[in-house]
Amino acid sequence: MSAHAPQPEDSPAHAPVPNLNIANVLTTVRIIMVPFFVWALLADNSEQGVWRWVALALFVVAMYTDKLDGDLARSRGLITNFGKIADPIADKLLTGSALVVLSMLGELAWWITIVILVREWGITLLRLAVIRYGVIAANMGGKVKTVMQAVVIGLYLLPYTQTIDWLNMIAFILMLLTMAVTVLTGLEYIYKAAKLRSAARAK
């Protein structure tokens, strides 16, 4: 048989990827971890004690699953439309919860949290609104934004940040840079959504 001969439609190469796979399970686990993270952070109540360390540990583990599920999805061919939507939602639940609780505790200005949350959930709603035209997968800018958010939130969660002035200043500057990247990548998604909608309507 020729190496270029067409394969049957029911061959493994054409089999759809099931939503129940290890990558999507890790994404779901990350979502489940969010309330435990929030509880630990609130339980500490800015006392910078053991529960603060627990919250930081949960955040780090949860963010690691974000990298792990992405790596597994790409290396094992487990990319699904569910994963493309659920993965960024899981990230936004985790980072959004962290920002809101940090603001509630008086450790982060509310205006920063509001700007980031409006961008994050606004883009999520936009992606859902245009899903009938196609799925807008995360691009390099979105990935950089996610990494920056994870790093700066982790720095804010570190107990020493609130008690060491220079560390607090670095965290604040990094947060401003992260907010700027978050807004800029949001504008890029709006452009892609408009382009996707126009292309679909032109067919």
Mind checking the [atom1]-[atom2] spacing from [X] to [Y]? Nearest 0.5 Å is all I need.
X      : Y      : atom1 : atom2 : result
Ile22  : Thr27  : CD1   : OG1   : 9.5 Å
Leu108 : Gln162 : CG    : CD    : 9.0 Å
Thr65  : Asp91  : OG1   : CG    : 8.0 Å
Met179 : Trp111 : CE    : CH2   : 4.0 Å
Leu158 : Ile153 : CG    : CD1   : 14.0 Å
Ile190 : Glu188 : CD1   : CD    : 11.0 Å

Exercise. Would Arg119 and Thr182 count as having a side-chain donor-acceptor pair, cut-off 3.5 Å?
Worked result: no

For this session: Taking the side chain as every heavy atom from C-beta outward, state whether Leu58 and Leu41 have any pair of such atoms under 4.5 Å apart.
Result: no

Can you name the nearest heavy-atom pair linking [X] to [Y], along with the distance?
X      : Y      : value
Leu126 : Tyr189 : CD2-O, 4.1 Å
Leu93  : Val34  : O-CG1, 3.9 Å
Thr185 : Gly141 : CG2-O, 3.5 Å
Ile123 : Gly186 : CD1-O, 3.3 Å
Ala43  : Trp51  : CB-CG, 4.1 Å
Phe59  : Gly154 : CE2-N, 3.9 Å

Exercise. Which residues satisfy the ring pair (Phe, Tyr, Trp, His ring centres under 6.0 Å) test with Trp121, sequence neighbours excluded?
Worked result: none

If you group Ile, Leu, Val, Met, Phe, Trp and Tyr by side-chain heavy-atom gaps below 4.5 Å, do [X] and [Y] land in one group?
X      : Y      : answer
Leu105 : Ile164 : yes
Leu187 : Leu125 : no
Val101 : Val60  : yes
Leu56  : Leu167 : yes
Val151 : Met169 : no

Problem set entry | Counterpart residues, side-chain hydrogen bond (donor to acceptor under 3.5 Å, both in side chains), relative to Thr161 (two or more places apart) | none

Exercise. What's the verdict on side chain to side chain contact (heavy atoms under 4.5 Å, CB included) for Met148 and Val152, showing C-alpha distance, side-chain angles and the deciding distance?
Worked result: CA-CA 6 Å; Met148 290 181 69; Val152 74; 6.0 Å; no

Seminar exercise, completed: Result for side-chain contact (heavy atoms from CB on, under 4.5 Å) between Met175 and one of Thr113, Leu155, Ile112, Ile170 points to Ile112

Seminar exercise, completed: With Gln149 as partner, the option from Thr178, Leu174, Val144 fulfilling side-chain contact (heavy atoms from CB on, under 4.5 Å) is Thr178

Problem set entry | Summary of side chain to side chain donor-acceptor pair (under 3.5 Å) pairs that have at least one residue in residues 34-49, sequence neighbours excluded | Ser46-Glu107

Exercise. Taking the side chain from Ser198 and the backbone from Lys195, do they hold a donor-acceptor pair closer than 3.5 Å?
Worked result: no

Problem set entry | Residues Lys143, Val147; criterion side chain to side chain contact (heavy atoms under 4.5 Å, CB included); working and verdict | CA-CA 6 Å; Lys143 293 175 182 177; Val147 171; 5.6 Å; no

